[in-house]
Amino acid sequence: MHAVNRGRHDVVIVGARVAGSATAMLLARLGHDVVVVDQASFPSDTLSTHSIARSGVVQLHRWGLLDQVLDSGAPAIRQVTFNACGESVSRTIKHKAGVDFMVAPRRYVLDTILASAAERAGADVRTGVTVTGVRRDGRGRVVGVSGHDHTGAAVELDARYVIGADGLRSLVARSVGAAINEVRPADGAAQYAYYTGIPWSGFEFFVAERSFAGVFPTHHGQACIWVCNPSADAKAVRRRTRSRVEAFGELLERSAPQLAERLRHARRTSPVQGVLRQPNQLRQAFGPGWALVGDAGYYRDAITAYGISDAFRDAELLAVALHQALRADAEETAALASYQQQRDQALREIFEITCRLAAYPAVSTFVELQKQLSAAIDKQAAALAARPIPCECLLATA
């Protein structure tokens with residue numbers, strides 16, 4: 001067993017999916033020496049309903065990646081239909097913040113596009129690398145990571161900063177002892193499967209008592225069909241049915257009977273996937289030599305389908321902060337504290353709405369919260385669109 005890939009870099013990022021690759025791409029465009037590692041290889045899938053809200057689409061557009069997403073075959077979604085209280089209302093997506101559609105690309109496509117963009121920008125993207133711990137100097141500062149590659153050979157990477165973009169169960173967060181600063185109830189379940197064989201008009205949402213379901217059209221004429229419920233309800237149905245598929249069908253019939261009827265003429269193309277418990281939590285975002293981004297630092301119930309859009313926003317906030325610290329334009333603690341402050345302020349409104357929705361209030365309240373969510377997303381999209389657009393060599397600071 002020999003050590004490989006030993007060397008000191010500006011930044012090592014653990015996790016090469018949406019948060020990690022976006023951060024790597026932006027830092028590399030700024031001229032920094034960035035290595036991003038991931039245990040997986042690409043293309044590969046991950047658990048996600050993969051809808052990108054207007055604010056996330058704005059980021060893809062600003063970064064010059066939106067055309068690649070569309071060229072991959074992900075349909076531009078220009079209509080949203082909302083079903084509640086026996087009424088169905090369809091709306092054309094308006095042109096705001098420079099975009100007039102949404103997308104829901106499969107993660108094996110989106111993550112590969114972002115990782116490739118990071119490589120083109122100059123980042124060193126290494127897949128098949130498992131990180132097993134962080135390395136510290138004599139003062140306790142994080143100065144690198146250790147692990148092994150797919151052959152079992154040891155890997156040690158030194159860096160001025162180590163970034164955890166490795167998801168909810170972040171090894172980096174655990175290794176550095178990142179405190180969980182805020183915890184809300186984790187009482188929501190989300191499950192989904194893919195269907196094909198019938199037409200999809202756009203995004204669709206179905207509200208019922210203690211339930212929220214929907215349709216996200218994606219590649220190859222398929223759609224992600226999903227249903228969210230209180231964890232207790234989802235677990236109860238799972239216990240009394242014979243399989244995940246049967247439980248999913250029962251929950252969907254209860255949540256959106258008209259959708260369930262349509263799906264009888266469609267073909268399911270995947271297993272049923274999902275989680276029966278989703279944390280709502282906010283971690284400390286930085287410390288000496290380290291920072292967190294994406295789900296590693298902030299996780300919320302999937303009921304608002306906002307995880308990718310959150311990750312894109314925070315990737316840019318972190319890239320700006322690290323750029324300032326690396327160039328000594330700002331003192332390290334001040335730069336990273338500013339990142340955490342901006343992140344916490346930016347996520348607050350939608351986080352509060354998410355937690356209220358995940359409590360499954362009465363349908364009338366749920367519908368009102370959805371309206372508030374739409375307005376909050378549009379406000380965030382406008383704020384992002386107003387920022388200077390990154391180019392290959394420069395990212396303007398906030």
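For the pair Thr365 (side chain) and Pro361 (backbone), a donor-acceptor distance under 3.5 Å is absent. Side-chain N or O atoms of Thr241 include one that pairs as donor or acceptor with a backbone N or O of Val237 at under 3.5 Å. Checked by atom type and distance alone, the side chain of Gln39 never pairs as donor or acceptor with a backbone atom of Thr127 at under 3.5 Å. Judged by distance alone, the side chain of Gln340 and the main-chain N or O of Ala285 form a donor-acceptor pair under 3.5 Å. Checked by atom type and distance alone, the side chain of Asp38 pairs as donor or acceptor with a backbone atom of Ala16 at under 3.5 Å. Under a 3.5 Å cut-off, the side chain of Ser44 and the backbone N or O of Ala40 do not form any donor-acceptor pair. Side-chain atoms of Thr218 come within 3.5 Å of backbone atoms of Ala104 as a donor-acceptor pair (strictly under, hydrogens ignored). Without hydrogens or angle criteria, Tyr299 side chain to Gly167 main chain gives no donor-acceptor distance under 3.5 Å.
One finds the SG atom of Cys228 at 10.0 Å from the CG atom of Leu357 (value rounded to the nearest 0.5 Å).
In summary, of the residues considered (Ser90, Ser88, Ser201), a side chain to side chain donor-acceptor pair (under 3.5 Å) with Thr81 occurs for Ser90 alone. A side chain to side chain donor-acceptor pair (under 3.5 Å) with Thr354 is found for exactly one of Thr304, Asn280, Asp301, namely Thr304. With Leu110 as reference, Val69 is the one residue of Thr46, Leu65, Val69, Val103 to meet the side chain to side chain contact (heavy atoms under 4.5 Å, CB included) rule. In summary, of the residues considered (Val18, Val34, Val293), a side chain to side chain contact (heavy atoms under 4.5 Å, CB included) with Thr23 occurs for Val293 alone.
Looking only at atom types and distance, the side chain of Thr132 has no donor-acceptor partner in the side chain of His148 under 3.5 Å away. In the model, Tyr194 has a side-chain atom that pairs as donor or acceptor with a side-chain atom of Arg106 under 3.5 Å. With no hydrogens or angles considered, no side-chain donor-acceptor pair links Ser55 and Gln59 at under 3.5 Å. Checked by atom type, the side-chain pair Gln281/Arg184 shows no donor-acceptor distance below 3.5 Å.
Checked for salt-bridge contact, Arg54 and Asp378 meet the test: a charged N lies under 4.0 Å from a carboxylate O. Under the 4.0 Å criterion applied to side-chain N and carboxylate O atoms, Asp137 and Arg141 are not assigned as salt-bridge partners. A salt bridge does not link Glu119 to Arg126: none of the charged nitrogens lies less than 4.0 Å from a carboxylate oxygen. Under the 4.0 Å criterion applied to side-chain N and carboxylate O atoms, Asp314 and Arg343 are not assigned as salt-bridge partners. For the pair Arg387 and Glu316, the salt-bridge criterion is met [side-chain N within less than 4.0 Å of a carboxylate O]. By the 4.0 Å N-to-carboxylate-O rule, Glu246 lies too far from Arg238 to be salt-bridged with it. Between Asp187 and Arg277 there is no salt bridge, since no side-chain nitrogen of the basic residue lies less than 4.0 Å from a carboxylate oxygen of the acidic one. Using a 4.0 Å cut-off between a side-chain N of Lys or Arg and a carboxylate O of Asp or Glu, Glu352 and Arg348 qualify as a salt bridge.
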Exercise for the section: Just do the salt bridge (charged side-chain N to carboxylate O under 4.0 Å, His left out) check on Arg107 and Asp45 with the steps written out, would you? Expected result: CA-CA 6 Å; Arg107 289 294 298 273; Asp45 214 352; over 6 Å; no
Problem - Residue pair Val11, Arg160: steps toward the side-chain contact (heavy atoms from CB on, under 4.5 Å) verdict - result: CA-CA 6 Å; Val11 181; Arg160 293 175 64 183; over 6 Å; no
Exercise for the section: Could you give me the CA-CA distance, side-chain angles and deciding distance for Met25 and Trp63, then say whether side-chain contact (heavy atoms from CB on, under 4.5 Å) is met? Expected result: CA-CA 9 Å; Met25 175 191 70; Trp63 297 341; 3.8 Å; yes
Practice task
Check the pair Tyr298 / Phe351 against ring-ring contact (aromatic ring centres under 6.0 Å, His included), numbers first and verdict last.
Solution key: CA-CA 10 Å; Tyr298 165 48; Phe351 183 47; 5.4 Å; yes
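A ring-centre distance under 6.0 Å is found for Phe366 and Phe212.
Residue Arg356 qualifies as open at atom CZ: its count of foreign heavy atoms under 6.0 Å is 12 or below. The local environment of CZ in Arg264 is crowded, with over 12 non-hydrogen atoms from other residues, nucleotides or ligands closer than 6.0 Å. When the shell of 6.0 Å around CZ of Arg240 is examined, it contains more than 12 heavy atoms from other residues, nucleotides or ligands.
Annotation: cation-pi geometry not satisfied between Arg91 and Phe203 (NZ/CZ under 6.0 angstrom from ring centroid, within 45° of ring axis).
The two residues Ala178 and Gln284 make their nearest non-hydrogen contact at CB-O, 4.0 Å. Between Gly221 and Trp200, the shortest heavy-atom contact is O-NE1, 2.9 Å. Here the closest heavy-atom approach between residue Ser175 and residue Gly133 is recorded as OG-CA, 4.4 Å. Across all their heavy atoms, Gly202 and Ile77 have their closest contact at CA-CG2, 3.9 Å. The shortest non-hydrogen separation linking Leu384 to Arg62 is O-NE, 3.1 Å.
A parallel orientation is assigned to the rings of Phe248 and Tyr195, their planes being inclined by less than 30° (bins at 30° and 60°). Between Phe205 and Phe216, the ring planes are perpendicular. Angles over 60° get that label, and only those under 30° would be called parallel.
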